[in-house]
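Each remark here refers to the structure printed beneath this line.
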Amino acid sequence: MEKENQKLQASENDLLNKRLKLDYEEITPCLKEVTTVWEKMLSTPGRSKIKFDMEKVHSAVGQGVPRHQRGEIWKFLAQQYHLKHQFPSKQQPEDTPYKELLKQLTSQQHAILIDLGRTFPTHPYFSAQLGAGQLSLYNILKAYSLLDQEVGYCQGLSFVAGILLLHMGEEEAFNMLKFLMFDMGLRKQYRPDMIILQIQMYQLSRLLHDYHRDLYNHLEEHEIGPSLYAAPWFLTVFASQFPLGFVARVFDMIFLQGSEVMFKVALSLLGSHKPLILQHENLETIVDFIKNTLPNLGLVQMEKTINQVFEMDISKQLQAYEVEYHVLQEELIDSSPLSDNQRMDKLEKTNSSLRKQNLDLLEQLQVANGRIQSLEATVEKLLTSESKLKQASLALELERSALLQMVEELRRQTAQPGGADPDLTQPEPTGD
């Protein structure tokens with residue numbers, strides 16, 4: 001009886017924790033039909049090995065994700081990504097079990113502990129000092145810092161891990177953090193040199209120039225670059241400043257489309273608040289508005305932003321602007337009056353960055369070649385199967401033709417006088 005009571009207590013605690021975790025206002029509430037679509041996909045037997053129609057999945061995400069199933073849906077989207085990209089990135093870390101990582105010590109402990117109290121301080125699941133929420137968050141961040149020695153722990157990661165932890169168990173959240181970092185491309189922006197973050201800020205600036213020229217000119221006039229306001233958006237995936245319901249929808253899209261979503265969200269937010277930003281006429285009030293007023297979105301504004309993001313495609317621009325950034329950096333190095341040591345230092349940094357990019361490109365090439373080989377093998381199997389099917393079809397056709405001839409023969413024999421096959425007629429007995 002005592003064991004049963006313990007089980008009941010544990011079950012009640014789980015339910016209480018789940019209610020605490022999901023304590024946020026949802027946007028894009030799911031209609032019953034959409035919830036039914038999700039339930040059908042999630043309950044499909046052997047779903048982890050089945051490739052679903054991505055147009056159907058994309059449509060379902062666009063129509064909404066039920067809050068109580070969000071964590072399971074994120075895991076489902078990760079499974080679909082892995083089925084589509086069956087050749088993992090070379091940068092994947094060693095597959096060290098989560099429990100093994102927790103047994104080790106991390107040099108990042110102090111930095112992680114400091115940030116625990118700053119991560120969602122008003123949310124009931126994380127508000128208690130070293131309560132269940134903070135302890136689970138510490139475990140995830142500690143394990144990741146040990147798994148990924150290059151990145152270790154970086155400010156902002158606690159918010160990403162925290163959002164995941166609100167929607168699933170501790171070890172599942174750790175696995176989804178690995179997925180977002182290594183498969184969805186978030187890891188690059190947390191590297192110690194922060195070069196990728198600088199490139200992202202340049203890319204966002206160029207997007208503003210293309211899509212909202214008047215806003216771009218206004219910000220440039222007051223010497224306000226994206227790093228003044230957008231760096232925390234990217235490093236925390238909007239989780240440190242925006243309503244949780246909105247952040248959850250951003251994560252829905254990242255699991256579906258990757259890190260490109262952050263640019264779309266930032267561009268849409270700035271564009272939709274353009275008239276209000278243009279009213280401010282100095283650096284302090286503009287930055288204050290973008291940092292403190294803009295994130296207080298209403299439900300209608302949040303849903304409008306999400307809908308805009310679903311319709312945007314900026315992948316080609318992002319690629320072009322990344323190349324443009326490197327070209328400008330090279331020109332800057334060539335034209336600036338630097339000492340030999342400074343020039344060498346900059347060249348070494350540029351070379352280091354280019355080497356990393358080359359490794360990334362080489363990795364992408366290897367993955368692409370692997371996919372090509374896989375497709376070629378599949379085509380060869382299909383051709384072999386087609387050849388066998390043709391042979392089987394020909395044999396069946398010959399058999400059919402022979403059977404038709406036999407039927408025709410039987411019909412002719414049946415049509416003869418007497419109606420019986422003479423060969424099949426039994427001879428009558430003769431008398432002695």
Side-chain angles (χ1 to χ4, degrees), residues 13-14 17-18 20-21 23 71 74-75 78 89 91-198 200 231-241 244 247 251 254 259 262 352 356:
N13 287 340
D14 285 344
N17 272 342
K18 191 163 187 178
L20 279 177
K21 285 181 171 188
D23 184 22
W74 288 350
K75 287 185 282 180
S89 162
Q91 290 185 352
Q92 289 288 338
E94 291 182 17
D95 195 16
T96 310
Y98 181 62
K99 289 178 182 176
E100 289 300 314
L101 290 168
L102 291 182
K103 293 175 185 176
Q104 301 174 34
L105 297 173
T106 176
S107 60
Q108 307 286 328
Q109 178 173 318
H110 182 66
I112 295 171
L113 285 171
I114 287 174
D115 279 351
L116 288 181
R118 301 171 181 169
T119 307
F120 303 119
T122 60
H123 193 282
Y125 184 63
F126 293 110
S127 57
Q129 188 172 3
L130 297 181
Q134 286 196 9
L135 286 173
S136 287
L137 185 57
Y138 171 78
N139 286 341
I140 293 170
L141 296 171
K142 170 190 170 181
Y144 187 83
S145 72
L146 291 162
L147 181 84
D148 185 355
Q149 298 284 339
E150 183 188 6
V151 168
Y153 172 71
C154 178
Q155 276 193 324
L157 270 180
S158 61
F159 284 94
V160 180
I163 289 291
L164 296 171
L165 192 54
L166 290 177
H167 295 90
M168 60 190 75
E170 186 181 301
E171 188 168 351
E172 293 172 322
F174 172 72
N175 289 330
M176 287 301 99
L177 178 61
K178 280 199 303 182
F179 172 76
L180 289 177
M181 294 290 277
F182 287 91
D183 294 297
M184 291 288 98
L186 291 189
R187 181 178 180 271
K188 294 175 185 176
Q189 68 182 19
Y190 297 104
R191 283 175 175 163
D193 57 17
M194 290 287 180
I195 288 174
I196 296 300
L197 186 65
Q198 291 173 31
Q200 288 172 327
W233 292 358
F234 279 66
L235 289 172
T236 66
V237 192
F238 298 90
S240 63
Q241 293 170 292
L244 277 177
V247 177
F251 271 68
I254 287 176
S259 57
M262 294 190 293
S352 175
K356 282 182 180 175

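Position 1 is the first residue of the sequence, and the numbers go up from there.
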*asked:* Less than 4.5 Å apart, side chain to side chain, heavy atoms only: is that true for Gln200 and Ile196?
replied: yes
*Within a strict 4.5 Å, meaning less than it, do heavy atoms of the Leu116 and Phe126 side chains meet?*
no
*Return the minimal non-hydrogen interatomic distance between Leu137 and Leu165, and the atom names on each side.*
N-CD2, 3.6 Å
*Residues two or more places apart in sequence or in another chain: which of them pass salt bridge (Lys or Arg N to Asp or Glu O under 4.0 Å) with Glu170?*
none
_Heavy-atom closest contact (Gln108 atom, Ser145 atom, distance)_ = CG-CB, 3.8 Å
*asked:* I want to check something: taking the side chain as every heavy atom from C-beta on, are Tyr98 and Asn175 in contact at a cut-off of under 4.5 Å?
replied: no
_Angle between ring planes, Tyr125 versus His123, binned at 30° and 60°: parallel, tilted or perpendicular?_
perpendicular
*So His167 and Trp74, would you call those rings parallel, tilted or perpendicular, with 30° and 60° as cut-offs?*
tilted
_Nearest 0.5 angstrom please: Phe251 CZ to Leu180 CG, how far?_
6.5 Å
*Is Leu164 close to Ile140 at the side-chain level, that is, under 4.5 Å between some pair of heavy atoms?*
no
*Between atom NZ of Lys188 and atom CZ of Phe182, what is the distance when rounded to the nearest 0.5 Å?*
12.0 Å
*Shortest non-hydrogen contact from Leu141 to Ala161?*
CD2-CB, 4.0 Å
*asked:* To check you understand the geometry: which heavy-atom pair defines the closest contact between Leu186 and Met262, and what is its length?
replied: CD2-CE, 3.7 Å
_Determine whether Thr106 and Tyr153 satisfy the following criterion, side-chain contact (heavy atoms from CB on, under 4.5 Å), listing intermediate values before the conclusion._
CA-CA 10 Å; Thr106 176; Tyr153 172 71; over 6 Å; no
*Is the closest side-chain heavy-atom distance between Leu146 and Thr96 below 4.5 Å?*
no
_So which atom in Ala239 and which in Ile163 form the shortest heavy-atom distance, rounded to 0.1 Å?_
CB-CG1, 3.9 Å
*asked:* Quick check: do Met176 and Lys75 have side-chain heavy atoms less than 4.5 Å from each other?
replied: yes
*Kindly compute the distance separating OG (Ser158) from CZ (Arg118), expressed to the nearest 0.5 Å.*
9.0 Å
*Rounded to the nearest 0.5 Å, what's the gap from SG on Cys154 to CZ on Arg187? Could you check?*
11.5 Å
_Please check if the number of heavy atoms outside Glu150 that lie under 6.0 Å from its CD is greater than 12._
yes
*Between atom CD of Gln134 and atom CG of Asn139, what is the distance when rounded to the nearest 0.5 Å?*
12.0 Å
*Using modelled atom types only, decide if a donor and an acceptor are shared between the side chain of Lys142 and the backbone of Gln104 within a distance under 3.5 Å.*
yes
*Going from NZ on Lys178 to CG on Asp183, what distance comes out if it is rounded to the nearest 0.5 angstrom?*
9.5 Å
*Do the non-hydrogen side-chain atoms of Ile114 and Gln155 ever get within less than 4.5 Å of each other?*
no
*Tell me, do Leu177 and Val160 make a side-chain contact under 4.5 Å, heavy atoms counted?*
yes
*Go through Phe234 and Ser259 one step at a time and tell me if the side-chain contact (heavy atoms from CB on, under 4.5 Å) criterion holds.*
CA-CA 9 Å; Phe234 279 66; Ser259 57; over 6 Å; no
*Could you tell me whether the side chains of Asp148 and Tyr190 share a donor-acceptor contact shorter than 3.5 Å?*
no
*At their closest point, which heavy atom of Ala143 faces which heavy atom of Phe174, and how far apart are they?*
CB-CE1, 3.6 Å
*Hey, can you tell me if Phe159 and Phe120 have their rings parallel, tilted or perpendicular (30° and 60° cut-offs)?*
perpendicular
*With Lys103 via salt bridge (Lys or Arg N to Asp or Glu O under 4.0 Å) - residues at least two apart*: Glu100
